[in-house]
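As the structure lists them, so they are numbered: ligands from 1, and atoms in each ligand from 1.
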Amino acid sequence: MKTEITKLLGIEYPIIQGGMAWVGTNELAAAVSEAGGLGIIGSGGAPASWVKEQIQQVKQKTDKPFGVNVMLMNPEADAIAQVIVDEKVPVVTTGAGNPEKYMEMWKAAGVKVIPVVASVALAKRMERTGADAVIAEGTESGGHIGETTTMALVPQVVDAVSIPVIAAGGIADGRGIAAAFMLGAKAVQMGTIFVASEESIVSDNYKNKVVKAKDIDTKVTGRSTGHPVRCIRNKQTQEYLRMEAEGATLEELEHLTLGGLRKAVVDGDVVNGSVMAGQIAGLVKEIRSCKDIVEGLNAQAEELLKGTKVYE
Ligand code: TUI
C-alpha cells in the first residue's frame with residue numbers, strides 16, 4: 001500500500017512503531033525498519049548520550065530509514081534534538097508536548113518532523129510551523145494519553161490539516177489499519193503489538209501481561225494530576241487509583257510511579273511497575289516477529305481495502 005507517508009519516509013509499508021520509552025531500543029527499531037515499516041528509538045527520559053549510541057547501533061543493523069521519538073518532558077530534550085541533527089536521523093516524532101522550538105533546526109537539517117498530537121488545535125499549529133505529517137493519537141493508546149478516541153480524533157484532524165495524518169491508538173491488526181485508512185489516515189502507528197514482539201527487549205513478564213490481557217484490563221492513572229497514563233492493571237494501578245480517589249498529593253502519587261516503567265520493562269516487576277499498554281492489548285494473543293507483524297497486518301489491511309481508493 002503506497003501512500004503519501006510511505007513516499008515521504010521512503011518505507012515499504014504504512015506502519016510506524018510507536019516511540020516507546022525503554023521499549024524502543026535499537027533492537028526493536030532496527031527490526032521494524034528491516035521489516036519495511038518505520039522503527040523508532042524511544043528516547044523517553046534517557047540521556048542524550050544513550051540516544052546517540054542507540055542511533056549508531058540502528059545504523060549498523062539496517063540501511064533503511066528509522067526515526068527517533070523525543071519525549072518533550074525529558075530534561076535533556078534540547079541535547080537530544082541536537083543529536084538528531086548531528087546524526088542525520090531521517091525522521092523525528094515527538095510526544096507529550098509542543099515541539100515548536102526545535103522545528104527550525106530539524107527542518108534546516110532535512111529531518112522529517114512528525115509530532116504526536118491529541119487535539120485538532122495542536123495538529124493545526126504543527127502544520128503551520130512546518131510539520132511534514134502528524135500522528136493523531138487516541139486515548140486508547142498506552143502510556144501518556146489525551147482524551148479523545150482514535151475514531152473521533154482522526155477524521156477531525158484529517159479535515160483540519162492538509163498534511164498527511166497517521167492514526168494511532170487501538171490498532172493491532174489489519175482491520176484496525178483498514179479502519180484508520182477509511183477515516184482518512186495515510187499510515188498507522190502501533191505500540192502495544194510491538195511490545196509483545198520477538199525482537200522487543202522487554203521482560204518476559206511484561207510480554208506475558210500484554211498477551212494475557214483482556215479488553216477491560218487497562219486503567220488510566222493520573223487523570224487528576226493532568227498526566228493521565230494508561231497501564232495494564234496491577235497492584236500499582238490499584239494503589240494509585242485508591243490514593244488518587246482519597247486525594248493524595250502529587251508528590252505521594254509520583255513517588256508510587258517513579259521509575260515504574262523501567263521496573264516493569266527491565267526488572268520484570270509487573271506487580272509494582274508501570275506496565276504501559278493500550279486498550280488493544282486484549283487483541284494481542286501471541287508473540288510474533290516484527291517481520292510477521294508488519295507483513296501480516298499490511299496484507300490483511302490491503303485485502304480488506306481492495307476496491308477502495310484510500311491508497312495508490
Ligand atoms: O508521549 C506519549 N506517550 C508517552 S510518553 C511516556 S513517558 C512518561 N512516563 C511516565 C509518565 C509520563 C510520561 C509514556 N507514554 N504519547 C504522545 C502523546 N502526546 N500523547 C498525548 C500527547 C500530547 C498531549 C498534550 C501532546 C501534546 C500535548 O499538548 C501540548 C501543548 O503544549 O499543547
TODO: Output yes when Lys107 and Glu104 qualify as a salt bridge under the 4.0 Å nitrogen-oxygen rule, no when they do not.
DONE: no

- [ ] Report the part of Met276 in contact with ligand 1, treating N, CA, C, O as backbone and CB onward as side chain, heavy atoms under 4.0 Å; options are side chain, backbone, both, neither.
- [x] side chain

Task: Leu261 near ligand 1 by a heavy-atom separation under 4.0 Å - done: no

Open item on the list: Closer than 4.0 Å and a protein heavy atom, does any atom meet both conditions relative to atom 22 (C) of ligand 1?
Closed with: yes

TODO: Please lay out, stage by stage, how Gln238 and Lys219 fare under the test side chain to side chain contact (heavy atoms under 4.5 Å, CB included).
DONE: CA-CA 9 Å; Gln238 209 170 358; Lys219 292 283 177 197; over 6 Å; no

Task: Part of Thr257 within contact of ligand 1 (heavy atoms, under 4.0 Å) - done: neither

- [ ] Using a strict 4.0 Å cut-off to heavy atoms of Asn98, name the atoms of ligand 1 that fall inside it.
- [x] 30 (C), 32 (O)

- [ ] Establish, from distance only, whether the side-chain atoms of Thr221 and Glu244 form a donor-acceptor pair under 3.5 Å.
- [x] no

Task: salt_bridge(Asp269, Lys263) N-O dist < 4.0 Å - done: no

Task: Closest protein heavy atom (residue, atom, distance) for atom 29 (O) of ligand 1 - done: Leu122 CD2, 4.2 Å

Task: Thr94-ligand 1 polar pair, N/O distance under 3.5 Å - done: no

Open item on the list: Please identify which of these residues, Gln82, Gln54, Gln56, meets the side-chain hydrogen bond (donor to acceptor under 3.5 Å, both in side chains) condition with Glu87.
Closed with: Gln56

Task: Nearest option to atom 26 (C) of ligand 1, as decided by whichever heavy atom of Ala118, Ala168, Gly97 sits closest - done: Gly97

Open item on the list: Tell me every residue that passes side chain to side chain contact (heavy atoms under 4.5 Å, CB included) with Ile11, counting only those two or more places apart in sequence or in another chain.
Closed with: Thr6, Leu9, Leu38, Pro65

Task: Protein residue, atom and distance nearest to atom 15 (N) of ligand 1, heavy-atom basis - done: His144 N, 2.9 Å

Open item on the list: Quick test of your reading of the model: are Lys101 and Asp78 salt-bridged, counting only N-O distances below 4.0 Å?
Closed with: yes

TODO: For ligand 1, note which part of Met71 has a heavy atom under 4.0 Å away: side chain, backbone, both or neither.
DONE: side chain

Open item on the list: With respect to Ala96, determine whether any N or O atom, backbone or side chain, lies less than 3.5 Å from an N or O atom of ligand 1.
Closed with: yes

Task: Ser141 (side chain) donor-acceptor with Glu137 (main chain) under 3.5 angstrom - done: no

Task: Atoms in ligand 1 with a heavy atom of Val116 nearer than 4.0 Å - done: 17 (C), 18 (C), 19 (N), 26 (C)

Open item on the list: Looking only at protein heavy atoms, which one is nearest to atom 16 (N) of ligand 1, and what is the separation?
Closed with: Glu137 OE2, 3.1 Å

Open item on the list: Check this for me: does any side-chain nitrogen of one of Arg230 and Glu140 sit under 4.0 Å from a carboxylate oxygen of the other?
Closed with: no

Task: Which residue and heavy atom of the protein sit nearest atom 11 (C) of ligand 1, plus the separation - done: Val229 CG2, 3.9 Å

